[in-house]
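Reading through the structure tokens given below for one structure.
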Number of protein chains: 2
Amino acid sequence: MEEVAKVAGVSLATVSRALRTPEAVSPKLRTRIEEVSRRLGYAPNRIAGSLAGARTPLIGVIVPSLTNSFFAGTLEQMTTLFEAKGYQLMIGQHGYDTDREERIVAAFASWNPSALVVTGRAHTRNTLNTLSSSACPVVEMWDHGERPLDSGIGFSNRAAGKLAARFFAEQGIAKAAFVGAILDKDDRARARAEGFRQEFLHLTRFEPLIVTANNRELGEGGSALKRVLGQQPETSAIAFSGDMLAVGAMFEADRIGLSIPGDLKILGYGDLDIARNTNPRLTTIRPPHNAIGEAVVRHVLERLEAPDTPSVNLDLGVKLILRETV
Amino acid sequence: MEEVAKVAGVSLATVSRALRTPEAVSPKLRTRIEEVSRRLGYAPNRIAGSLAGARTPLIGVIVPSLTNSFFAGTLEQMTTLFEAKGYQLMIGQHGYDTDREERIVAAFASWNPSALVVTGRAHTRNTLNTLSSSACPVVEMWDHGERPLDSGIGFSNRAAGKLAARFFAEQGIAKAAFVGAILDKDDRARARAEGFRQEFLHLTRFEPLIVTANNRELGEGGSALKRVLGQQPETSAIAFSGDMLAVGAMFEADRIGLSIPGDLKILGYGDLDIARNTNPRLTTIRPPHNAIGEAVVRHVLERLEAPDTPSVNLDLGVKLILRETV
DNA sequence: CTGTTAGCGCGTTCAA
DNA sequence: TTGAACGCGCTAACAG
């Protein structure tokens, strides 16, 4: 910056102003400075800028997994939208480990970002402390519940589970099952499983079978199907915690000669691209993935532009996408 | 920090040392300072630390897309490995737009990170300038070619395309096609397409049909199949630039009553989880996804620990995974 | 091993 | 509209 100032024949302060708040500098100086700094390939040091300015154009976002297409989609969307406003995303990933989340939140907070976005509502006490003592807007996304720490934008996973149960119950199904990936770690999947169980029991008086899959990938769907059929052979409908598991089960059903939906009804969750293309096409529950990303960005930007904007707590709801597997 | 120093009865420098280089402080002071800073909930300001220390525990990684499972996988792996060494990933995503890449690289460089990792070998002149004038190790990953800017870790996509062509040619196929997603933007897919075309022509004297898909998703695989069959009805083998497209084509083939591999042979690329589970199981080419992530991390850490470590240019190769669709 | 001191590169007052 | 000066919070020399 010193060099730019020297070449342009102005002071450091003027260079800073020309680049940061151009309207506060006379047009001729401004263009000269801009020209010089371009010619010299000057790139301001953001570290110094942030230290002096006490604000960082950084937004911390923490998700459980980058390979989960929901979070990847939300992140891709948020990256693009925030980038357009000059903010940079710091992305963290904790693999459904709340202790790791704690460390990541602490690390992010120490960059004092403009906003912090975390996934879900289950955090350690320390995470909560760090989050609430950081002087920026905090959004808990992908989950809806009472009293978020600051703002909450998501939907009720429990309600999504209930929706599935109600749908099965209305079809007169008695023997149902829910297959969920890593239910011990993924609170959202667990909430869906619990909602399903509770509502199905309530409506039909039958206890559904709950089976845990070891991951959310296709192959596990096939083995989970075998386990379900082993434990409860008369099962006539299965809800899955993810479309990939459901599709894996469809492939397996095909292999063992089970027809869908005749012999077995299958309900997915996620409405991934694949759900529209299987044979038969997969009936599934669609979470508001895009709406979440957009709402988070919109809300954060509002808070940043008008700091007195109040927090929100939004339930964006889910939708049943009726296709051919039920 | 001042408060911690006061309460612990030491100077600022000692607090800094106790937290940064504990071995340089006497055990009793160290424990006292650690205890006080924990009690006070002191979190060092990384911005200030980086400005003073002239090093940032930040590694910039730029990929074309977060929703592409390859990059997501590599990122997930790199996040975990780097985090264990105290580095934080800054993740950028440019959507196959080199101008956007240019802006992201510039933004990242201005945080002066410990290392910069970009995807591929095609960059704008400005990107190249920024990259080479940044004082940190630079890795171009996922692509292999001559003379990387600094280090290169990947494989030859052209060779992957040739492998597919050779495989088809050996089966005595005359009418083949290559379906690639957004070939106009994705240089790696284009390199595979070109390698395929060149080698197939060379070995069989037949020009293969090259078809561009609009995205890399399943639905497009189905429509691409229809287009291929429309333009070249006798096609007996198709290579795809991604497994998802291939699976979409398999679903569509099923719908129109084409048997695989009898009527049509299908070759994927990626060896995603789904490839092991379709009926029939998908024959595919596996890029060294995990090896890339590991090699990048290992190399960067070496360079960071021993700055005189030389650059590398690694070709990690691909592998044909023989299953049932060819 | 510990304290004192001098910046790191910039944004932002305050005067001019 | 511009320039001089200060300080953001910390680390790294240096001296003790």
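Computation of the quantities below employed the complete heavy-atom set of this structure, encompassing side-chain atoms and omitting hydrogens, waters and symmetry-equivalent molecules. So that the names make sense, note that chain A is the first sequence line, chain B the second, and so on, each numbered from 1.
What separates CZ of A:Arg55 from C1' of C:dG9 is a distance of 18 Å, to the nearest Å. Atom-to-atom, CD1 of A:Ile33 to P of C:dG11 comes out at 12 Å; the value is rounded to the nearest Å. At whole-Å resolution of the value, CD in A:Glu2 and P in C:dC10 are 10 Å apart.
Counting any heavy atom pair closer than 4.0 Å across all strands shown, A:Leu29 reaches sugar-phosphate atoms only and no base atom. Counting non-hydrogen atoms under 4.0 angstrom, B:Met1 reaches a base of the nucleic acid.
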Only distances under 3.5 Å count here; give the side-chain donor-acceptor pairs of residues 105-118 of chain B to other protein atoms, sequence neighbours excluded, each with its distance to 0.1 Å.
residue, atom, partner, partner atom, Å
B:Ser110, OG, B:Ala107, O, 2.6
B:Trp111, NE1, A:Gln88, OE1, 3.4
B:Ser114, OG, B:Thr56, O, 2.5

Which atom pairs, donor and acceptor, lie under 3.5 Å between side-chain atoms of residues 130-139 of chain A and protein residues at least two apart or in another chain?
residue, atom, partner, partner atom, Å
A:Thr130, OG1, A:Asn126, O, 2.8
A:Ser132, OG, A:Leu128, O, 2.9
A:Ser132, OG, A:Asn129, O, 3.3
A:Ser133, OG, A:Asn129, O, 2.9
A:Ser133, OG, A:Thr130, O, 3.3
A:Ser134, OG, A:Leu131, O, 2.9

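Every residue meeting the salt bridge (Lys or Arg N to Asp or Glu O under 4.0 Å) condition with B:Arg303, not counting sequence neighbours, appears here in chain and number order: B:Asp150. Residues meeting the ring-ring contact (aromatic ring centres under 6.0 Å, His included) test with B:Phe71, sequence neighbours left out: B:Trp142. Take B:His289 and apply the ring-ring contact (aromatic ring centres under 6.0 Å, His included) test, not counting sequence neighbours, and it matches B:Phe70. Here B:Glu35 pairs with B:Arg39 under the salt bridge (Lys or Arg N to Asp or Glu O under 4.0 Å) rule; sequence neighbours left out.
With hydrogens and angles disregarded, a donor-acceptor distance shorter than 3.5 Å links the side chain of B:Glu140 to the backbone of B:Leu149. With hydrogens and angles disregarded, a donor-acceptor distance shorter than 3.5 Å links the side chain of A:His144 to the backbone of A:Leu314.
Pairs of residues two or more places apart, or lying in two chains, that qualify as side-chain hydrogen bond (donor to acceptor under 3.5 Å, both in side chains) and include a residue from residues 58-69 of chain A are A:Ser65-A:Thr67, A:Ser65-B:Glu76, A:Thr67-B:Glu76.
On the nucleic acid side, DNA chain D contacts chain A at distances under 4.0 Å to non-hydrogen atoms, with the end points of that region at D:dT1 to D:dG9.
For the residue pair A:His299 / A:Ser151, a side-chain donor-acceptor distance below 3.5 Å is found, with atom types taken as modelled. When only modelled atom types and interatomic distance are considered, B:Glu302 and B:Thr309 share no side-chain donor-acceptor pair under 3.5 Å.
The stretch residues 15-25 of chain A touches DNA chain D through A:Arg17, A:Val25, each having a heavy atom under 4.0 angstrom from the strand. Using a 4.0 Å cut-off on heavy atoms, the residues of residues 6-14 of chain B that approach DNA chain C are B:Val10, B:Ser11, B:Ala13, B:Thr14, listed by number.
Nearest approach of A:Leu12 to A:Met1, heavy atoms of both residues: O-CE, 3.1 Å. Closest of all the heavy-atom pairs between B:Ile292 and B:Gly154 is CD1-CA, 4.2 Å.
Under 4.0 Å is where a charged nitrogen must lie from a carboxylate oxygen, and between B:Glu83 and A:Arg100 at least one such pair does. The pair A:Asp186-A:Arg216 meets the salt-bridge criterion, since a charged nitrogen lies less than 4.0 angstrom from a carboxylate oxygen.
For the helix from C:dC1-D:dG16 to C:dA16-D:dT1, the terminal axes (five pairs an end, C1' atoms, rotation from four pairs onto the next four) enclose an angle of 30°, given to 10 degrees.
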Between the protein and nucleotides 6-8 of chain C, list every N/O to N/O distance that falls short of 3.5 Å.
residue, atom, partner, partner atom, Å
C:dC8, O2, B:Leu51, O, 3.3
C:dC8, O2, B:Ala52, N, 3.1

